[in-house]
> 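Please read through the structure below; I'll follow up with questions.
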Amino acid sequence: MANPVDEVARILRAPAELFASLLRDPIGTTTRLAGRTAVEAHAVATLLRAGVVGPEPPWRLAEIGRVLLERGPMAAAPSLLAIRHGERAALVDDLGSLTYAQIDQRAEALAGAWQARGLRAGDGVGILCRNGRGLLGAVFACTKLGARALLLNTDFAAPQAIEVCAREGADAVVADADLFDIVAGVDAPRGRYVAWVDPSVPGSGPEGDGRIDDLIAGGEPLTTLRPDHDFSIVILTSGTTGTPKGANRASVRSLSGPGALLSKIPFRAGDVVYVAPPMFHAWGLANAAMALALGGTVVTRRRFDPVQVWADLAANHCTGLVAVPVMLNRLLGNDDAAGNPVLPDLRVVAVSGSQLEAPLATRALDRFGPVLHNLYGSTEVAYATIATPDDLRAAPGSAGRPPFGVTVKVLGDDDVELPVGQIGRIFVANEDQFSGYTGGGGKAMVDGLMATGDVGHFDSGGRLWIDGRDDEMIVSGGENVFPHEVEALLAGHPAVVEAAVVGVPDDEFGQRLQAYLVRTPGKKLTAATVKAYVRENLARYKVPREVIFVDVLPRNPAGKVLKRVLVDQGG
């Protein structure tokens, strides 16, 4: 239970801190307050329109108030959803359907069992689960306990899992049965628990220190309802250029994040949303949380299968589809062969996680209609810009414009803002940026704006374009070259399914470009043809010196190309 004296002291301290700030900088403080108030007001209006909150009967309001007072806003969250939406379907996964009431009951029982085994508020829980009730149930149990949820990448090998859990302080771990060997060596004093077990093989799989379903069936009650720490979550960076870092996110007390997303991506109350990306990454988890906050239904599967996704979209009358670009590409590539349905219920297709190339954006708009939205952001900065269907028709491949309350600037090496059309480093300011890496350090900051690590430019319509990673730019023969520009061009070639371009050392020019291509089945394409195509469309120094054809590009579960793997393989 939070100390009442500390709570009163915090409440009394806030006005004093505000008064001191006004004395130091009256104009700046007043401007910031006015801006923050406008952002929050805009967010509230957006949430009301979307249906996140709405009129409630008196008995329900009384119950909501009681639970909030008893547990605090974060620990109460699963129960509040259950109070509002009760027997409505919350989740459809490989094992079937769960209602909001069932999800809350399961989280309560799991939190009670973990508490009885010594897990406390502030402790860390490593979660190595694919999409489904195991992952969401563990996160909700952590919410009730005030624990830290550490979301682990399902592509980890055992040494990585052990290293990350030790670094992040995982006191307990929970893993799907088919992933349990990866965490078997983790030092977890509060136990190693098994989540999903293959239902087709009863009694199979490891036992660990208990199976989640058995702990839930035990029904041990929570003895401490209001934890003395707020729930927090650690999401790992994608790790495409090295060991994944932990990006810590404390509980957010601003509505600007969901307000910004819903102002551009029109999810609404009661939507049925298929969430395809892994929920251990921010894009998948954020959209699952958004759908639940709207009282909707999350449909998901442990593994991505385009044929299954088409069937699930139709069978569940999905109104929303959340994906990463490579998933969208695979869905559309499977479209003709599968004879897939029209999907008249689909109102929103939202993608993020990696670059949405112009040809893919156009194909998706042609197939689904004006429902495609593209979010640009990162684990660290959260969201930066969102491209609407109108943006993507007018400027396919663009990242769109910043939502209300978000500032995005393109800065030069001298940290001065660059004019329209000039390429520079992208910086972002919003209310949902991470609080730093758990191992220390953070992203570069300039006047309150955080670096994304990308370079780009604005066009005359105010749309942001991503030109590449700032650490991928190469200097070839004295010319600055961004590999992404060449990738985007090659992705539009009719004989190319996907492309990756990397910089490699060169004795004569310092560095040179090397292209890896996946050919369209049945199409002929040679290295000479590829080089001629680039030469016809871009400057000569941007032509790759080598063109290597591969069957598939290595990607992480979020769909990002692992360029270091391509380089390590040596082509």
> Determine whether P483 and V502 make a side-chain contact, defined as any pair of heavy atoms from C-beta on separated by less than 4.5 Å.
no
> Kindly indicate whether the side chain of L360, heavy atoms from C-beta on, has any atom under 4.5 Å from the side chain of L332.
yes
> Is R519 reaching over with its side chain to a backbone N or O of A495, donor-acceptor style, under 3.5 angstrom?
no
> With salt bridge (Lys or Arg N to Asp or Glu O under 4.0 Å) as the rule and sequence neighbours excluded, what pairs involving residues 272-293 come up?
none
> State the CG-CG distance between L321 and L343, to the nearest 0.5 angstrom.
9.0 Å
> Closest approach of P403 and A384, non-hydrogen atoms and distance?
CD-O, 3.3 Å
> Assess, by modelled atom type and distance only, whether the side chains of Y383 and D432 contain a donor and an acceptor separated by less than 3.5 Å.
yes
> Side chain to side chain donor-acceptor pair (under 3.5 Å): which pairs involve residues 406-423, sequence neighbours left out?
D415-R425
> R535: which residues meet the salt bridge (Lys or Arg N to Asp or Glu O under 4.0 Å) condition with it, sequence neighbours left out?
none
> Who passes side chain to side chain contact (heavy atoms under 4.5 Å, CB included) against F280, sequence neighbours left out?
L151, N153, T154, P278, P557
> Mind checking whether L294 and M290 have side chains closer than 4.5 Å, heavy atoms only?
yes
> Kindly say whether T452 contributes a backbone atom to a donor-acceptor pair with the side chain of S378 at under 3.5 angstrom?
no
> Taking salt bridge (Lys or Arg N to Asp or Glu O under 4.0 Å) as the definition, give me every residue that meets it alongside R540, ordered by chain and number, with sequence neighbours left out.
none
> I would like to know whether Y274 and V322 meet side-chain contact (heavy atoms from CB on, under 4.5 Å); could you show each step before the answer?
CA-CA 6 Å; Y274 193 105; V322 177; over 6 Å; no
> List the residues meeting side chain to side chain contact (heavy atoms under 4.5 Å, CB included) with A289, not counting sequence neighbours, and say none if there are none.
none
> Looking at side-chain heavy atoms only, is the closest gap between D93 and N131 below 4.5 Å?
no
> Quick one: does any side-chain atom of N374 pair with a main-chain N or O of L392 as donor and acceptor, under 3.5 Å?
no
> Would a distance-only check, ignoring hydrogens and angles, find a side-chain to backbone donor-acceptor pair under 3.5 Å from Q514 to E546?
no
> Taking all heavy atoms of L91 and all of G132, pick out the closest pair and write down the distance.
CD2-C, 4.1 Å
> Could you measure the distance from the NZ atom of K443 to the CE atom of M450? Nearest 0.5 Å is fine.
9.0 Å
> Take V486 and L538 through the test side-chain contact (heavy atoms from CB on, under 4.5 Å) and record every step on the way to the result.
CA-CA 8 Å; V486 185; L538 296 175; 4.1 Å; yes
> Which pairs count as ring-ring contact (aromatic ring centres under 6.0 Å, His included) when at least one residue sits in residues 488-507, sequence neighbours excluded?
H493-Y533
> Hey, is the main chain of V501 close enough, under 3.5 Å, to the side chain of K563 for a donor-acceptor pair?
yes
> Tell me whether T46 contacts the main-chain N or O of L262 through its side chain, where contact means a donor paired with an acceptor under 3.5 Å.
no
> Measure the CG-CG distance between L553 and L562 for me, rounded to the nearest 0.5 Å.
10.0 Å
> Can you list the residues that meet the salt bridge (Lys or Arg N to Asp or Glu O under 4.0 Å) rule with D459, with sequence neighbours excluded?
R463
> Quick one: CZ on R133 to CG on L95, what's the gap to the nearest 0.5 Å?
4.5 Å
> Output every pair passing side chain to side chain donor-acceptor pair (under 3.5 Å) with a member in residues 341-355, not counting sequence neighbours, ordered by first then second residue.
D271-R347, H317-D345
> Side chains of F549 and L525: does their closest heavy-atom pair fall under 4.5 Å?
yes
> Before you tell me yes or no, could you show the steps for V543 and L513 under side-chain contact (heavy atoms from CB on, under 4.5 Å), namely the whole-Å CA-CA distance, both residues' side-chain angles and the distance that decides it to 0.1 Å?
CA-CA 7 Å; V543 176; L513 293 182; over 6 Å; no
> Supply the atom-to-atom distance S476 OG to Y541 OH, rounded to the nearest 0.5 angstrom.
9.5 Å
> With the side chain counted from C-beta on, respond yes when Y516 and E498 share a heavy-atom pair under 4.5 Å apart, and no when they do not.
no
> Show me the side-chain donor-acceptor pairs of residues 175-184 shorter than 3.5 Å, one per line, residues at least two apart or across chains.
from : atom 1 : to   : atom 2 : distance (Å)
D176 : OD1    : W196 : N      : 3.2
D176 : OD2    : R130 : N      : 2.9
D176 : OD2    : R302 : NH2    : 2.9
D178 : OD1    : R302 : NH2    : 3.0
D178 : OD2    : R302 : NH2    : 3.4

> Does D94 have any salt bridge (Lys or Arg N to Asp or Glu O under 4.0 Å) partners at least two apart in sequence or in another chain, and if so, which?
R301
> Applying side chain to side chain donor-acceptor pair (under 3.5 Å), which residue pairs with at least one partner in residues 361-370 are found, sequence neighbours left out?
N329-R363, D335-R367, D366-R393
> Hey, is the main chain of V309 close enough, under 3.5 Å, to the side chain of D312 for a donor-acceptor pair?
no
> Quick check for you: to the nearest 0.5 Å, what is the distance between L150 atom CG and L236 atom CG?
5.5 Å
> Looking at D391 and A394, would you say the former's side chain and the latter's main chain have a donor-acceptor pair under 3.5 Å?
no
> Pair I386, I265 - check side-chain contact (heavy atoms from CB on, under 4.5 Å), show working.
CA-CA 8 Å; I386 300 174; I265 304 177; 3.9 Å; yes
> Backbone N or O of L375 within a donor-acceptor pair of the T385 side chain at under 3.5 Å?
no
> Is there side-chain contact between D454 and Y376, with heavy atoms separated by less than 4.5 Å?
yes
> Is there side-chain contact between L128 and V173, with at least one heavy-atom pair below 4.5 Å?
no
